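Contents: one structure, followed by commentary.
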Amino acid sequence: MKKIALQKDTTVTTYRIHYEQELNAAQLEAVLHTDGPALIIAGAGTGKTRTLVYRVARLVENRIPPENILLLTFTRKAAREMLRRAAVLLDGRCQRVMGGTFHSFAYLILRRFAEFIGFSPNFSVLDQTDAADTIQLVRTEVLGKQKQRFPTKETLRSLFSAVVNLQRSLSDLVEERYPQFLGVVDRIEEVAQRYRTYKQQHQLMDYDDLLLYLLQLLQDYPDIRRQLGNEFRYVMVDEYQDTNYLQHQIVIELVAEHRNIVAVGDDAQSIYGFRGARIENMQDLPAVFPECRIIKLEENYRSTQPILNFANVILQNSVELFPKHLYTRKQGGDKPAIVKTETEQQQSQYIVQQILEFVEEGIPLSEIAVLFRAAYHSMDLEIELQKARIPFQKFGGLKFSEAAHIKDVLAHLRLMLNPTDAVSWHRVLLLLKGVGPRTAQRVVEAVASGKLQIGRSNDFSSFGKAASSIESLFRLLGKSATELSTPADQLFAVLEYYRPILWDRYDDAQRRWNDLETLLSIADRYEHLEGFLTDIALEPIEGSLEAVQPVSPEEEILTLSTVHSAKGLEWKVVFLIWMVDGRFPPPQAQESIERMEEERRLFYVACTRAKEHLILTYPEQMYSREHGRVLTLPSPFLQELPPDIAEHYIVVESEE
DNA sequence: TACGGGAATATTTTT
DNA sequence: TATTCCCGTA
């Protein structure tokens, strides 16, 4: 007789995570949803990230290979953070999930299939300033001697980008945004055309190209589309309300086979319209996938009820959004405060003083943030914070890696990688004494024709007094290949070379030098120069140029941030400064209803960052360029609020 | 051809 | 306010 024994049935999965206990009903429904399309509409603070994190874990627990899961987020930081949390929740397998932005994902895929779109796998990625510099190159070609008024490189770049992201014609956009340039639209078109071919010839892609070519690849090669569809069998997209047309199409192509798409978003938080974001993408999803399940998360876990009431009122005044009502089970809490100060300085002093009081009460600096509409709005406050020795980190505005000295140094590194990069040659050569555009051009041509070559001895005698400095540049670039093996080594050599140039060019050289040392510590994490440079292009280093006081441990730093950069984050205490007409919203936005609506959503995003205390401030006076000191009006968003939704205060000065 | 000085110009948000 | 543009001078 056969002996019968028991063995564990491994085909029945037992779960390590107690999903039912740790999630609310709606969240649970979203997490347990495995196959097929789903749209999760998640209000602010309703545990959207938590839901995504648990869903990643759940899929992995369901034995779906992590490599087959794709998590697309708005920043790479967000993706990393979610996967880290999933790994803590479950185990290290979650770290193997593919996560990143649309752009970083596109980069990865395009490298793999570069040949299909006529590129080499080593193409480089242009960040915004690189793109503008490249445009400048063709711009001068097209323009020649003519001195008719013509858009600047940055204007051109934003125009070209809008053409791609908004899917509109160049002439339409020129007419709408820059009617003064309607007369030269043909030449603008010519620059656009040349820019396109220039990029192709030199193996360059800007941000828009990454999306454009990925979509093209998916649409033109069904085999590749199927292959990728199988590989990324489960796709999750965060912040769907801020995807643009191209990104939406990419998603549709990618999930065409398996239809496993989970999109998460909140139409009330769409704030990237200027970049082509379309709320409609979210609304379209059920039309594209009729079997799409719709799940709403409405219970808020972040804020107190008075803050939510305030936020709800903001949306009530919106003309186009679906009514939305956030609620919480949290009891109590103060009403938001609206504080009028006389001047900007008084506003800053008030904030500093309040921060100190909150710290006194035991709220750590890391739980406090000051938000504002535009990066430059915090200038005065930054000075006051420095005086009070409150350490802070600033997000938004000019990026660390966009600063001139950083770009200078990176240009040298790019030449080490790719000696045919004309834009970098220009940048690097113009740093030298006695070298102007003409000489730079000569050098670029000589390199292209092989008359000059990095890594061998050259004859520079024709360059007159600039000869010796050009020679030392070539010596530096020639060094790289043989003697320097890591990105950090290479950067170190560049810094040695660049140091005297820096001190000669900038009064604040020491501060900039500190930035460069920071850059060195970042480079140290990389093995290959290529990866280092691409990462910097795809994910410009956040944070201000202002040296963050390095003394204090990281948790003890105050956050200053634009509202845009604060998206998805939360703090116990949130200040929102400059709630003044013309600052929030800015004047340009007031020209159209759509843009005003976006500003309103932005205001909503700002207010829903606060967990316990929300404090809005506005000075009664401000300086304007033309008129000097002028009186302000409170932001229209404040004026339309019912009086009892917040407490109103006026700052009065008193002796100690 | 380089470069300095002064004028013009844009100035919201970001991958 | 800071960068870019334009022009005259060396």
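What you are looking at is a predicted structure, and each value in this text was computed from that prediction instead of being measured. Here is the naming used below: chain letters follow the sequence lines, and residue numbers restart at 1 for every chain.
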With sequence neighbours left out, write down each residue that passes side-chain contact (heavy atoms from CB on, under 4.5 Å) with [X], or none if nothing qualifies.
X        : value
A:Glu176 : A:Arg168
A:Pro586 : A:Arg373, A:Gln588, A:Ala589, A:Glu599
A:Thr343 : A:Gln345, A:Gln346, A:Gln621
A:Val447 : A:Trp425, A:Val443, A:Leu452, A:Phe474

Restricting to side chain to side chain donor-acceptor pair (under 3.5 Å), what partner residues turn up for A:Ser472, sequence neighbours left out?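 Partners of A:Ser472 by the side chain to side chain donor-acceptor pair (under 3.5 Å) criterion come out as none, since no residue qualifies.
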Nucleotide N/O to protein N/O under 3.5 Å, stretch nucleotides 13-15 of chain B:
unit_1 : atom_1 : unit_2   : atom_2 : d
B:dT13 : OP1    : A:Ala375 : N      : 3.0
B:dT13 : O4'    : A:Arg373 : NH1    : 3.3
B:dT13 : O2     : A:Arg373 : NH2    : 3.1
B:dT14 : OP1    : A:Thr562 : OG1    : 3.2
B:dT14 : OP1    : A:Ser565 : OG     : 2.8
B:dT15 : OP2    : A:Lys399 : NZ     : 2.9
B:dT15 : O4'    : A:Arg275 : NH1    : 3.4
B:dT15 : O3'    : A:Thr101 : OG1    : 3.4
B:dT15 : O2     : A:His103 : NE2    : 3.2
B:dT15 : O4     : A:Gln128 : OE1    : 3.1

Quickly work out the A:Glu382 CD to C:dT1 P distance and round it to whole Å.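 Spelled out: CD on A:Glu382 to P on C:dT1 is 15 Å.
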Please report, rounded to the nearest Å, how far the P atom of C:dT3 is from the CZ atom of A:Arg505.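 Rounding to the nearest Å, CZ of A:Arg505 and P of C:dT3 are 12 Å apart.
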Please pick, from C:dC5, C:dT1, B:dT1, the nucleotide with the shortest atom-to-atom distance to any side-chain atom of A:Arg438.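 It is B:dT1.
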Write down the protein N/O and nucleotide N/O pairs, taken from nucleotides 3-6 of chain B, whose separation is under 3.5 Å; answer none if there are no such pairs.
unit_1 : atom_1 : unit_2   : atom_2 : d
B:dC3  : OP1    : A:Gly434 : N      : 2.7
B:dC3  : OP2    : A:Val435 : O      : 3.4

Whether A:Asp130 and A:Arg414 form a salt bridge (side-chain N of Lys/Arg under 4.0 Å from carboxylate O of Asp/Glu) is what I want to check.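 So A:Arg414 pairs with A:Asp130 through a salt bridge.
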Looking at every strand, decide which applies to A:Thr439 at a 4.0 Å heavy-atom threshold: base, sugar-phosphate, or nothing.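 Here A:Thr439 touches the backbone only, sparing every base.
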Would you indicate what A:Pro585 reaches in the nucleic acid, counting non-hydrogen atoms under 4.0 angstrom: base, sugar-phosphate, or nothing?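 Answer is nothing: A:Pro585 stays at 4.0 Å or more from every strand.
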Under the salt bridge (Lys or Arg N to Asp or Glu O under 4.0 Å) definition, can you give me all pairs with a residue in residues 235-245 of chain A, not counting sequence neighbours?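 Qualifying pairs, neighbours excluded: A:Lys48-A:Asp238, A:Lys48-A:Glu239, A:Glu239-A:Lys567, A:Asp242-A:Lys567.
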Anything under 3.5 Å between a donor and an acceptor, one on a side chain of residues 211-219 of chain A, the other on a protein residue two or more places apart or in another chain? List them.
unit_1   : atom_1 : unit_2   : atom_2 : d
A:Tyr213 : OH     : A:Gln200 : NE2    : 3.3

